[in-house]
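Note that this is a predicted model, so its numbers are computed, not measured.
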Amino acid sequence: MDLSLPDVRGMTELDRAKFTKEVTVPSVEIQSKNVGKSMPVFKKYLLKMEKLKPVTEVQENDERRKLLLDPILFETFDKLREEDQQKLSELDLNKNSFSNTCLHLEYHNFRIDDVFKAVLPEGKEGCTSYSRIGHIIHLNLRDHLLPYKNLIGQVLVDKLIGVKTVVNKSSAIDSTYRNFQMEVLAGEADFVTEVKENLCTFKFDFSQVYWNSRLCTEHERIIKLLPQKSVLFDVFAGVGPFSVPAAKVRKCRVFANDLNPSSYHWLKENVRLNKVENVNTFNLDGRQFIREQMPPFLLTRPTEPIHVTMNLPALAVEFLDAFIGLLSGVELDPLLDITVHVYSFCEESSAFSEMRTKVESALKHSIENEQIVELVDVRDVSPKKHMLRLSFRIPPDVLTKAAEEETSSEPKRLKLDLETQDR
């Protein structure tokens, strides 16, 4: 079916009145009582357009209905499979039962893709992807689409149920607070939204914090990796996509930290909103959080598996040096079970080797193959840039390494007697 609209090509301000089109589609009239019986044959051929019912009443005849068919999918009765022709014959339908129907289409009948295909430049990538965060649509438009940004925003508000705000990223992510400048293209400047993920509800101000809906699957993967009632140190917790479900779903004890004051505010709010009590929250630099909050807990003789999430791909690897000498002067017996999940951006061609090299360089220590839990390509950021996660058990020698400025001395021995410990 030809839905081309030559008059709207290059339109930058939405004029809904210009989206009109007369089209002819195949149709068939059928007795009302036989509509359901005909669906095994006709269902896949029904015309699918917005605000347009494919089964309509026949004027002045309550006992009959008209089925509108898609001209791309349906050709003629004779080209149906023999068994389908037989089924229709049993309903008193034959090739003479089919005709053409003229339809008058308006803006509300066109799908998002139809509008964009008609308006945006031919031969160039269109507006093919976006992220939805509650009532907010987040775009990252390429330069050639910027003249059409307001039209794109308005179409999305018009066509997507529940969408009230459309924004476009207008600057790079600030690595310090992980937020970015955005421009409202259409709708209300209302950035406080709610998202449901991993059986939890997250509320936050999207203009002040970091949230990426494309990481939903990764959040779920990490939650499934956490043993029940284990311990999680979430170094760059954001508003809590790891921390809150870890506490709520896996019953973990959680220490959650974020430097961004807004993220910290919404992290606490999401802990309250989801009614989890086993979460301690902090508003510290990541390195400070590791060095100040982990040792006191580690020296309480924990027997639970300990996991550390470090989801700040632009910088997280640089913070691994905080683990060097974290328990300097202490000999642990038995060894602690600490698994670190660290993220980084890597070039596609050498992503896996590059990731391991980065981590080993930051730790100043090699990682044995048996210490690697998994190395995951989380997502493509761009054609040549990937976000990776390396999950590994931290080598004990890294934790107990003496500070370089200290002279060697007999380490203080901390015997973790699992049978007599008092917790």
Side-chain angles (χ1 to χ4, degrees), residues 133-134 177-179 192-206 208-213 215-216 218-312 316 319 322-323 326 336-343 389 391 394 423:
I133 308 95
Y177 285 163
R178 291 199 295 176
N179 54 15
V192 177
T193 189
E194 286 192 10
V195 174
K196 293 188 183 298
E197 182 180 289
N198 290 319
L199 304 179
C200 297
T201 299
F202 297 94
K203 186 176 182 179
F204 49 87
D205 183 337
F206 184 59
Q208 298 296 319
V209 306
Y210 179 80
W211 181 273
N212 190 336
S213 298
L215 293 178
C216 175
E218 175 62 11
H219 296 155
E220 184 178 8
R221 276 196 292 255
I222 290 294
I223 300 308
K224 288 181 177 179
L225 279 176
L226 300 176
Q228 286 282 342
K229 297 185 178 180
S230 56
V231 178
L232 174 65
F233 284 86
D234 195 355
V235 183
F236 311 108
V239 301
F242 289 136
S243 293
V244 175
K248 184 174 182 177
V249 179
R250 307 300 280 177
K251 308 302 179 186
C252 297
R253 181 177 179 183
V254 177
F255 299 82
N257 173 73
D258 203 275
L259 179 63
N260 182 345
S262 293
S263 295
Y264 176 63
H265 165 78
W266 292 108
L267 172 63
K268 292 191 296 180
E269 174 63 14
N270 290 324
V271 168
R272 183 199 65 78
L273 189 63
N274 290 277
K275 299 178 181 179
V276 289
E277 298 178 353
N278 48 338
V279 179
N280 298 96
T281 57
F282 303 87
N283 182 210
L284 302 172
D285 168 74
R287 190 174 280 103
Q288 181 184 2
F289 170 69
I290 293 170
R291 298 200 69 85
E292 291 183 2
Q293 300 304 319
M294 287 193 70
F297 177 79
L298 298 179
L299 295 176
T300 63
R301 310 172 184 179
T303 58
E304 311 93 333
I306 299 164
H307 288 253
V308 183
T309 45
M310 303 179 70
N311 184 16
L312 182 63
F319 287 78
F323 290 101
L326 191 66
L336 294 169
D337 180 9
I338 303 177
T339 302
V340 176
H341 310 276
V342 63
Y343 297 79
R389 166 174 52 87
S391 296
I394 194 161
R423 290 182 58 85

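Here the side chains of Val279 and Thr281 are in contact, with some heavy-atom distance below 4.5 Å. Looking at heavy atoms from C-beta onward, Val231 lies out of side-chain contact with His307 at the 4.5 angstrom threshold. In this structure, the side chains of Val308 and Phe323 come closer than 4.5 Å at one or more pairs of heavy atoms. Proximity of Phe242 to Asn311: side-chain heavy atoms (C-beta onward) are separated by under 4.5 Å at one or more points. The shortest distance between side-chain heavy atoms of Val192 and Trp266 falls below 4.5 Å. Pro241 places a side-chain heavy atom less than 4.5 Å from the side chain of Glu197. Proximity of Leu284 to Asp258: side-chain heavy atoms (C-beta onward) are nowhere separated by under 4.5 Å. With a 4.5 Å cut-off on side-chain heavy atoms, Leu336 and Pro302 count as touching.
When all heavy atoms are compared, the tightest approach of Gly240 to Leu267 is CA-CD1, 3.7 Å. Residues Lys251 and Gln228 come closest through the heavy atom pair CG-OE1, 3.7 Å. The shortest heavy-atom contact between Met310 and Ala316 is O-CB, 3.4 Å. In terms of heavy-atom proximity, Gly134 sits nearest to Val195 at N-CG2, 3.7 Å. Ser230 and Pro305 get closest at one heavy-atom pair: CB-O, 3.3 Å. Heavy atoms only, all atoms of each residue included: Asn198 and Val249 are closest at O-CG2, 3.7 Å.
Aromatic ring centres of Tyr210 and Phe236 lie farther apart than the 6.0 Å criterion allows. The distance between the ring centers of Phe202 and Trp211 falls below 6.0 angstrom.
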Next on the checklist: One pair to check against side-chain contact (heavy atoms from CB on, under 4.5 Å): Phe319 and Asp285. What are the steps and the verdict?
Outcome noted: CA-CA 10 Å; Phe319 287 78; Asp285 168 74; 3.7 Å; yes

Next on the checklist: Determine whether Leu232 and Thr309 satisfy the following criterion, side-chain contact (heavy atoms from CB on, under 4.5 Å), listing intermediate values before the conclusion.
Outcome noted: CA-CA 7 Å; Leu232 174 65; Thr309 45; 3.7 Å; yes

Checklist entry - Would Lys196 and Thr201 satisfy side-chain hydrogen bond (donor to acceptor under 3.5 Å, both in side chains), going step by step from the backbone distance to the final call? => result CA-CA 5 Å; Lys196 293 188 183 298; Thr201 299; 3.0 Å; yes

Next on the checklist: Show, in sequence, the C-alpha distance, side-chain angles and deciding distance for Leu326 and Leu298, and conclude whether the side-chain contact (heavy atoms from CB on, under 4.5 Å) test is met.
Outcome noted: CA-CA 10 Å; Leu326 191 66; Leu298 298 179; 4.1 Å; yes

Checklist entry - Are Lys203 and Asn270 close enough, and set up right, to give a side-chain contact (heavy atoms from CB on, under 4.5 Å), and what steps lead you there? => result CA-CA 6 Å; Lys203 186 176 182 179; Asn270 290 324; 3.9 Å; yes

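A donor-acceptor pair is defined here as one N or O able to donate and one able to accept, closer than 3.5 Å; no such pair exists between the side chain of Ser243 and the backbone of Ala237. Side-chain atoms of Asn260 come within 3.5 Å of backbone N or O of Gln208 as a donor-acceptor pair. Checked by atom type and distance alone, the side chain of Arg250 pairs as donor or acceptor with a backbone atom of Leu226 at under 3.5 Å. Judged by distance alone, with hydrogens and angles left aside, the side-chain atoms of Asn283 form a donor-acceptor pair with the main-chain N or O of Leu259 at under 3.5 Å. In terms of modelled atom types and a separation under 3.5 Å, the side chain of Arg291 and the main chain of Ala322 share a donor-acceptor contact.
Note that CZ of Phe255 is 14.0 Å distant from CD1 of Ile290, once rounded to the nearest 0.5 Å. Separating the CZ atom in Arg221 from the SG atom in Cys216 is a distance of 10.5 Å, to the nearest 0.5 Å. To the nearest 0.5 angstrom, His219 atom NE2 is 9.5 Å from Ser213 atom OG. With values rounded to the nearest 0.5 angstrom, Lys248 atom NZ is found 7.0 Å from Leu199 atom CG. The NE2 atom of His265 sits 12.5 Å away from the CZ atom of Phe204 when rounded to the nearest 0.5 Å. Taking CD1 of Ile222 as the reference point, atom OG1 of Thr339 lies at 10.0 Å (rounded to 0.5 Å).
For the 3.5 Å distance criterion, the side chains of His341 and Ser391 qualify, holding a donor opposite an acceptor.
Ion pairing between Arg389 and Glu218 holds under the 4.0 Å rule for side-chain N and carboxylate O.
Here Glu194 pairs with nothing under the side-chain hydrogen bond (donor to acceptor under 3.5 Å, both in side chains) rule; sequence neighbours left out.
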